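Read through the structure below, which is laid out as structure tokens, and then see the notes.
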Amino acid sequence: MSKASSFIYPFTALVGQEKMKKGLILNAVNPRLGGILIRGEKGTAKSTAVRALASLLPEIEVVEGCPYSCHPDRRDNFCSRCSELFGQGKTIRSVRQVQVIDLPVSATEDRLLGSLDFEYAIKYGRPRFEPGLLAKANRGIIYVDEVNLLDDHLVDALLDAASMGVNTVEREGVSFSHPAEFILVGTMNPEEGELRPQLLDRFGLCVQVEGAADPTERVEIARRREAFDYSPLEFIVQWSAEESCLRERIVAARQLLSQVTISLELLDLVARLSLEAFVSGHRADIIMANAARTIAAWQGRTEVKEADVYEAAELVLPHRLREASPPHPPEQPEPSRKKEEEPSDQEQEDESSREQEMPERLDESSSGAEERPEPESREQQKEQDREKEEGQSSPSPASMEEVIFSIGEPFPVRRISYERDRVLRKGSGRRSRTKTASRTGRYVRSTMERNNNDLAFDATIRAASPYQLRRQREKVAIAIESSDIREKIREKRIGNFLLFVVDASGSMGARQRMVETKGAILSLLLDAYQKRDHIGMIAFKGNAAEVLLPPTNSVERAEKLLAELPTGGKTPLSSGLAKAYEVAIAHLYKDPNIFPLLIIISDGKANMSMGKDRPLAEARRVAEFISREEKIKTLVIDVEPSGFLSFGLARELAGILGARYYKIADLKADTLVEAIRKA
Amino acid sequence: MTKSLPQNNGFMLFCVLSEAKGMVIKMNKFNRIYPFSAIVGQEEMKKGLLLNAINPKLSGVLIRGEKGTAKSTAVRALAALLPDIEVVADCLYGCDPDNITVMCSSCRGRLEAGENLPRKKRKMKVVDLPVSATEDRVVGTLDIEQAIKKGEKHFEPGILAQANRGILYVDEVNLLDDHIVDVLLDSAAMGVNTVEREGVSFSHPANFMLVGTMNPEEGELRPQLLDRFGLCVNITGILDPLQRVEVVRRSVLFEEDPENFARQWEEEEKKLRKQIAAAKELLPAVKIKDDMLFLIAQIAIDMGVDGHRADLVMMKAAKTMAALNGREEVIEEDVRRSVDLALIHRMRRKPFQELSIDHEKLQDVISGFFDKECP
């Protein structure tokens with residue numbers, strides 16, 4: 001079965017994107033750089049560039065006919081076929097271009113790793129290994145378009161092979177291993193979610209691309225693309241001179257590479273740069289030195305210059321950057337956090353005092369008639385807080401009025417997901433991985449267990465094939481017995497149900513707290529979007545809680561509601577919790593396998609009850625009740641600013657609920673990922 | 001589109017009934033499709049579809065709108081309007097016998113071996129991708145029959161293979177399962193479907209026009225998939241009472257007697273078909289001047305779009321628009337009218353902002369551009 005090749009846009013005809021082109025060329029010159037990851041917005045010639053690279057790649061020597069492209073001079077690394085041939089003195093050398101192997105996101109494990117060749121097994125009654133993509137990619141390049149969409153089990157297999165340089169297969173009666181040294185090239189659009197850090201580290205280089213801002217450049221891009229679309233052959237011919245020129249330069253650089261030296265001082269610089277970036281491990285250092293050498297060779301020099309190292313660092317470090325210290329573990333707040341938050345409090349304070357002077361800077365959505373509660377001093381604010389905590393005294397008149405705050409800046413949120421379990425689920429989304437019972441989802445592997453008649457034909461045939469010579473066959477080429485039957489195990493990610501329970505009472509209006517809170521909710525919503533979660537929203541203020549958004553997929557609606565959510569009035573926390581419980585239980589009835597996650601955003605200062613109990617006591621009782629329902633998970637986001645007088649009520653609430661507890665600052669994503677987004 | 005209805009319905013009906021039965025049956029299959037030209041209003045949507053019919057390189061259109069706004073009707077009606085395409089008669093993928101650049105491996109092999117490929121003409125296909133489709137049906141998989149009968153490994157083409165050189169139509173595209181979307185993105189990007197699964201390794205051309213409809217209330221589309229649709233239109237129900245009445249009247253007429261209805265519109269349909277054919281012929285000759293290209297680039301930059309696909313699509317749309325209007329040169333009006341279609345879903349927007357275009361800003365950009373050009 002052969003491949004359909006289509007005509008490919010020439011590499012040299014790409015306009016701009018110099019860094020990406022450089023990264024790709026460097027990899028063509030020196031395969032030991034370990035591949036490249038290209039991150040960027042859609043429509044920036046990422047995939048086009050990688051596919052164009054294929055024709056520029058150098059030639060390598062191989063043993064002719066070897067499915068694993070063994071090197072004729074590396075006897076220690078021969079596959080079994082080549083060693084056999086070598087013993088007979090029959091290895092023939094041949095030369096061919098380095099190949100780019102496509103790994104589509106829909107690939108199944110058996111094709112990636114290789115599996116039993118059933119045609120052969122049926123004919124000869126003996127198992128034989130059929131090489132997969134990893135075999136083909138040996139000494140070549142594996143290209144994954146949209147690499148962030150690749151299924152985790154394929155990523156695992158890739159990582160495994162990449163780290164060992166060997167692919168070991170033990171499945172379906174075949175036991176085999178073969179060399180699998182390959183370069184990983186991936187493209188991705190970060191909008192669709194991030195990569196796992198472990199996979200990220202496998203990419204030697206990383207470049208970020210974006211659209212050109214220069215009109216002339218844009219016009220040129222459009223013009224060339226149109227010319228190519230109109231007549232690809234003619235276009236390719238037009239650029240063939242440039243292409244061969246570039247190819248020659250790559251070959252020259254390759255030959256020069258072994259002579260390039262790097263001085264001790266510059267190696268020292270490499271180490272210092274890595275240290276400053278707080279990269280983990282030594283891979284960065286090694287690749288950076290290698291990249292600097294390759295850059296020098298590309299420039300036709302035999303000695304590395306300082307500028308080469310800096311250029312290399314730009315390609316090697318961005319995806320490995322970490323901030324000075326690892327983030328604080330969220331479960332145990334440390335005193336140091338207070339120090340961190342202090343300045344931001346101060347800033348907020350400054351801002352609110354500024355806004356006091358300029359009332360017209362109030363949020364656009366709040367009409368001028370509405371007045372915002374604005375504490376005159378911090379002292380007074382605390383006074384108010386204390387009053388509210390006691391819960392008995394009525395809140396100050398200012399906070400009775402409703403105000404609509406704008407939404408604060410969103411930020412990337414940390415990963416919130418459950419552990420994978422063995423429950424079979426249906427549904428769709430991207431947050432948690434699950435095995436699915438319905439016949440949808442990605443076919444992951446096969447099993448002998450019979451559950452739902454979801455027959456895995458390929459696996460079944462492979463299982464049956466070795467026995468075909470002995471079995472009675474009538475009119476068919478293959479006789480299948482029930483012991484051969486394999487079923488598919490499918491896996492997909494399902495979204496969770498996130499129910500936001502938002503405190504919109506007057507106390508939240510104090511000191512712009514609501515702005516920050518809305519920012520945090522928006523961030524969680526963004527995250528929910530990427531993971532295709534179901535969401536719902538409940539707000540509590542005044543006398544009772546209200547379901548603003550019944551469970552839905554539309555994150556847009558949630559955002560709109562959030563923007564329009566007014567703040568003011570008392571804090572009926574218990575009512576909010578009770579309502580949340582109702583909605584969550586109703587959703588559980590509908591979809592018993594999707595566990596709702598209540599995200600309670602409050603300072604915990606209840607001052608309004610449903611019954612005769614004191615508000616705080618009532619809230620605690622409801623919380624205890626919720627905590628007894630095992631299927632409902634909870635997460636409390638405390639919005640109380642830390643200062644001299646923090647009541648820790650939300651913390652207490654979290655304790656009763658058995659919930660995870662975060663401050664808003666804790667929600668921010670791992671610094672590693674953050675660093676990438678900034679890069 | 002407020003055409004007056006032919007008055008003598010009863011008579012026409014009589015004519016149809018009195019004709020040979022065989023004729024009616026033959027027409028039946030074809031006539032179930034509501035005629036494109038009979039769709040009331042929704043000019044933007046019709047324009048988007050027509051442009052795609054003329055220039056398939058625009059790579060499809062996404063129709064966003066409420067329920068019951070003739071979205072699906074229009075897509076199916078369009079297919080009936082499209083000119084026939086020439087294919088290799090016995091090719092599973094409907095390869096173009098004259099274009100070796102995008103052929104499947106078997107056709108290419110045959111051509112290179114000096115074989116004369118058998119040709120035939122056929123209608124352009126509309127292939128449905130149901131939201132419940134499974135991945136193996138979409139990309140193709142191991143041919144079970146061949147495996148069991150002959151013990152051989154063969155590839156069984158899926159929906160993407162059928163859709164090659166046709167229209168891949170996804171109703172409610174925003175409800176499509178995520179892993180199916182991933183697969184679509186993969187093959188839509190390069191026009192090639194690469195299959196590495198269930199023991200088969202194969203690839204074949206998959207150039208299709210992606211047409212999707214969705215109701216934004218059910219959630220938005222992923223940005224990456226959004227970008228794969230060349231054009232995008234937002235449609236709403238018609239507000240003009242007269243037009244609404246017209247919609248109902250026509251739909252009743254159509255349901256009562258589709259054959260007759262189609263007959264009444266045949267003339268219009270023919271005209272439209274001719275217009276499409278003429279524009280198709282004219283398209284390669286359409287020129288675009290540098291200042292128009294710069295205007296497009298300026299709009300893309302100032303309006304804040306991601307990547308370069310917007311520029312390309314705007315240029316193609318403007319050219320096609322010129323061809324549709326029988327001109328050989330792109331004028332500002334063409335660019336202006338293509339902006340809405342090409343940009344609306346590519347605007348860099350704040351999280352969860354609605355898809356929309358700030359027309360005032362656009363106007364400023366355009367007028368600012370011309371002020372700069374001729375001071």
Side-chain angles (χ1 to χ4, degrees), chain A residues 1-4 6-7 41-44 47 51 102-108 110-112 115 118-119 122 133 145-146 149 189 191-192 211 213 215 218-219 221-223 225-226 229 232-233 410 428 430 439-443 457-458 461 476-478 492 522 525-526 532 553-556 559, chain B residues 57 101-105 134-136 139 142 144 147-153 155 177-179 182-183 185-186 189-192 194-205 217-220 222-224 227 290 293-294 296-298 300-301 306-312 315 351-352 354:
Chain A
M1 292 188 197
S2 67
K3 303 275 164 190
S6 54
F7 284 70
E41 57 193 46
K42 46 207 180 275
T44 40
S47 310
R51 286 175 211 262
D102 264 308
L103 175 59
V105 286
S106 66
T108 52
D110 63 295
R111 276 303 306 149
L112 179 66
S115 62
F118 76 75
E119 271 183 27
I122 289 170
L133 291 177
D145 196 8
E146 314 286 354
L149 303 182
N189 179 353
E191 275 177 306
E192 298 280 327
R218 289 190 90 104
V219 168
I221 290 169
R223 222 186 256 144
R225 186 72 217 190
E226 180 76 351
D229 280 347
L233 260 176
S428 84
R430 293 187 87 81
R439 295 187 189 188
T440 59
R442 196 161 278 155
Y443 169 29
F457 285 102
D458 57 325
I461 289 171
V476 288
I478 181 160
K492 67 190 212 176
L522 180 63
L525 279 175
L526 269 171
R532 316 285 180 273
N553 262 335
S554 171
V555 180
E556 287 79 11
E559 194 269 343
Chain B
K57 292 234 164 88
T101 57
V102 283
M103 256 183 202
C104 71
S105 49
T134 56
E135 202 175 357
D136 49 341
V139 299
L142 177 72
I144 299 150
I148 291 183
K149 277 202 184 140
K150 302 194 189 130
E152 284 166 14
K153 203 179 297 176
F155 175 68
D177 245 0
D178 246 29
H179 59 275
D182 295 349
V183 173
L185 287 179
D186 217 23
M190 295 316 287
V192 175
T194 308
V195 186
E196 294 288 351
R197 49 184 291 127
E198 297 174 46
V200 280
S201 165
F202 196 74
S203 79
H204 65 79
E217 278 168 33
E218 314 244 348
E220 270 303 337
R222 289 158 59 182
Q224 189 90 353
D227 195 46
D290 276 5
L293 283 176
F294 275 97
I296 287 171
Q298 199 61 49
I301 293 167
D306 278 343
H308 296 274
R309 204 167 277 130
D311 304 37
L312 292 168
M315 177 177 71
F352 315 125
E354 293 248 323

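Each chain gets a letter, A, B and so on, in the order the sequences are listed, and its residues count up from 1. All values reported here derive from a predicted model rather than from experimental measurement.
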Nearest heavy atoms of B/Gln298 and A/Pro215, plus distance in Å: OE1-CG, 3.5 Å
On a heavy-atom basis, the closest approach of B/Leu293 and A/Val219 is O-CG2, 3.4 Å
Given side chains that start at C-beta, do those of B/Ile301 and A/Arg218 come closer than 4.5 Å, heavy atoms only? yes
Hey, are the side chains of A/Arg223 and B/Asp290 touching, using non-hydrogen atoms and a 4.5 Å cut-off? yes
Can you tell me how far the [atom1] atom of [X] sits from the [atom2] atom of [Y], to the nearest 0.5 Å?
| X | Y | atom1 | atom2 | answer |
| --- | --- | --- | --- | --- |
| A/Arg225 | B/Asp311 | CZ | CG | 13.0 Å |
| A/Thr108 | B/Glu196 | OG1 | CD | 8.5 Å |
| A/Ile221 | B/Met315 | CD1 | CE | 11.0 Å |

Option in A/Asp102, A/Thr44, A/Asp229 with maximal non-hydrogen atom pairs under 4.5 Å from chain B: A/Asp229
Flag the one option from A/Ser115, A/Ala213, A/Pro104 with the top tally of heavy-atom pairs under 4.5 Å to chain B. A/Pro104
Need one label for B/Ile296: side chain, backbone, both or neither, based on atoms under 4.5 Å from any heavy atom in chain A. neither
Which bit of A/Pro232 is near chain B, if near means a heavy-atom gap under 4.5 Å: side chain, backbone, both or neither? side chain
